[in-house]
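Everything on this sheet refers to the single structure shown next.
When a residue number appears, it is its place in the shown sequence, counting from 1.
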Amino acid sequence: MASRNHSTITEFILIGLSADPHTEALLFVLFLVIYLLTMMGNLLMLLMIRVDSHLHTPMYFFLSNLSFLDLCFSSVTLPKLLEDLLSEKKTISVEGCLAQVFFVFFTSGTEACLLSVMAYDRYAAICHPLLYGQVMSNQRCVKLVLASWGLASLNAVVILLLAINMDFCEAQTIHHFTCELPALFPLSCSDISTNINILLSASLLHGLGTFVPIFLSYARIISTILSISSTTGRSKAFSTCSSHLIAVVLFFGSGFLCYLMPPSGSSMDLLLSLQYSVITPLMNPLIYSLKNKEVKAAVKKTLGKFL
């Protein structure tokens, strides 16, 4: 079926972020720096969690998985974007485009699940501190991470099947810097109403299925923090989840808008995609290192060993 649907074209043309060579050169330098910083920040986070025994806790186990995921997430789009900024003709094969569709949904979907799991971890730590070790056992933590990857892969397969079953006839120009399913809809010469409905349903199911537990966890967390009589105690309790809360706002804010709004090909679509696929993987290690005393101490300790 795939060969029949895509027999009329073999590649797509990506509009990219700019058509001006000078602007593209500046953007190349900018995104190259972002990509290198993303790699360095997340690799450093993985390294210090591995070598520092004080960080061998459930929260940092989830954070190490988040850092690994951010490495993968940024590598799905940024290398191709950097290549296109140096190329006169920005093309991508149909197979490569479908691969991007799958991995964008797979990585972003897994990140949503992990952020939800991390919210539950903070809920258990703040609301049930005496039972925390029992609730968040090593075995349960591993199961939660595996479930996150499994649910996201299932959702990504559904999205990939939607893309494979679309007929692309003559239109080849994607008004985006990467292959995302909403950007492919205007290129289809077949009826895509069902595809749009399934995409919206899948995005809502996965998005709300991961966001609602976060909302409920923080509702309980805030209630517990407000019941603490000591100002120092409230401040300490809030500081343990403030980094995660910032990461949630950055990721879900742009992700929901990007997939729940109809694609328009406007600059806003590009900015939202850049926010959750490029900026968020860069910001996560910075957020957790700047807002967490344990992480800052581990960074100094780890850098001291290698410098």
Side-chain angles (χ1 to χ4, degrees), residues 42 45-70 109-155 205-252 280 284-285 287-299 301-302:
N42 285 288
M45 188 71 72
L46 285 169
L47 177 63
M48 70 182 184
I49 291 175
R50 176 68 180 248
V51 301
D52 194 325
S53 59
H54 295 95
L55 302 183
H56 294 174
T57 62
M59 181 176 76
Y60 293 107
F61 171 71
F62 295 132
L63 182 55
S64 65
N65 278 272
L66 183 66
S67 293
F68 175 74
L69 182 65
D70 281 336
T110 307
E111 180 145 349
C113 290
L114 277 177
L115 289 172
S116 184
V117 167
M118 292 171 75
Y120 176 73
D121 171 72
R122 293 299 81 207
Y123 157 75
I126 294 174
C127 300
H128 303 287
L130 299 179
L131 298 175
Y132 180 69
Q134 179 181 349
V135 173
M136 301 305 295
S137 63
N138 290 338
Q139 187 177 16
R140 177 166 294 179
C141 290
V142 172
K143 287 181 179 179
L144 288 171
V145 168
L146 291 177
S148 298
W149 288 87
L151 287 173
S153 63
L154 180 61
N155 184 62
L205 183 63
H206 193 81
L208 293 178
T210 52
F211 182 76
V212 169
I214 294 174
F215 177 81
L216 295 176
S217 295
Y218 273 102
R220 293 294 302 274
I221 288 170
I222 293 172
S223 175
T224 300
I225 290 176
L226 292 177
S227 67
I228 299 175
S229 57
S230 168
T231 303
T232 304
R234 287 198 299 268
S235 177
K236 185 178 179 180
F238 181 75
S239 67
T240 64
C241 57
S242 59
S243 299
H244 175 261
L245 189 58
I246 294 171
V248 167
V249 172
L250 285 175
F251 180 80
F252 278 93
T280 297
N284 280 342
I287 291 169
Y288 280 97
S289 61
L290 293 175
K291 297 286 293 181
N292 192 300
K293 293 180 180 179
E294 290 179 320
V295 175
K296 284 191 284 188
V299 169
K301 182 178 178 181
T302 302

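- In this structure, Cys113 and His206 have side chains that are in contact, with non-hydrogen atoms separated by less than 4.5 Å.
- In terms of heavy-atom proximity, Cys141 sits nearest to Pro58 at SG-CB, 3.6 Å.
- Between the OG atom in Ser223 and the CD1 atom in Ile126 there is a gap of 12.0 Å [rounded to 0.5 Å].
- With a 4.5 Å cut-off on side-chain heavy atoms, Leu245 and Arg122 do not count as touching.
- Note that CG of Leu144 is 9.0 Å distant from OG of Ser137, once rounded to the nearest 0.5 Å.
- Side-chain contact between Leu250 and Ile287: present, with at least one pair of heavy atoms (C-beta onward) separated by less than 4.5 Å.
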Stepwise side chain to side chain contact (heavy atoms under 4.5 Å, CB included) test for Met118 and Val248: CA-CA 10 Å; Met118 292 171 75; Val248 167; over 6 Å; no
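- Side-chain contact check for Leu46 versus Asn42: every heavy-atom pair is 4.5 Å or farther apart.
- Relative orientation of the His128 and Tyr123 rings is perpendicular, given thresholds of 30° and 60° on the angle between their planes.
- A donor-acceptor pair under 3.5 Å is formed between the side chain of Tyr218 and the backbone N or O of Cys241.
- Between Ile214 and Phe252, the closest side-chain pair of non-hydrogen atoms falls below 4.5 Å.
- Using a 4.5 Å cut-off on side-chain heavy atoms (C-beta onward), Lys143 and Gln139 make contact.
- In this structure the side chain of Val145 reaches within 4.5 angstrom of the side chain of Phe61, judged on heavy atoms.
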Let me see the working for Asn65 and Leu114 under side chain to side chain contact (heavy atoms under 4.5 Å, CB included), right down to the final yes or no. CA-CA 8 Å; Asn65 278 272; Leu114 277 177; 4.1 Å; yes
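- Arg140 approaches Val135 most closely through the heavy-atom pair CD-O, 2.9 Å.
- What you find for Met45 and Leu63 is that their closest heavy atoms are SD-CD2, 3.9 Å.
- The shortest side-chain heavy-atom distance between Ser67 and Asn284 does not fall under the 4.5 Å cut-off.
- Taking CZ of Phe251 as the reference point, atom CG of Asp70 lies at 9.0 Å (rounded to 0.5 Å).
- To the nearest 0.5 angstrom, Asp121 atom CG is 10.5 Å from Tyr60 atom OH.
- Residue-environment remark: OH (Tyr132) exceeds the threshold of 12 foreign heavy atoms within 6.0 Å.
- Phe62 and His244 have their aromatic ring centers separated by at least 6.0 angstrom.
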Show, in sequence, the C-alpha distance, side-chain angles and deciding distance for Leu226 and Ile222, and conclude whether the side chain to side chain contact (heavy atoms under 4.5 Å, CB included) test is met. CA-CA 6 Å; Leu226 292 177; Ile222 293 172; 3.9 Å; yes
Going through the distances and angles, do Val212 and Leu216 end up as a side chain to side chain contact (heavy atoms under 4.5 Å, CB included)? CA-CA 6 Å; Val212 169; Leu216 295 176; 3.9 Å; yes
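- Closest approach of Cys127 to Thr224, counting heavy atoms only: SG-OG1, 3.2 Å.
- When all heavy atoms of Gly150 and Ser153 are compared, the pair lying nearest together is O-OG, 2.7 Å.
- Pairing each heavy atom of Ala119 with each of Ser217, the nearest pair is O-CB, 3.7 Å.
- Of the inter-residue distances, the one linking Leu151 atom CG with Ser116 atom OG reads 10.0 Å to the nearest 0.5 angstrom.
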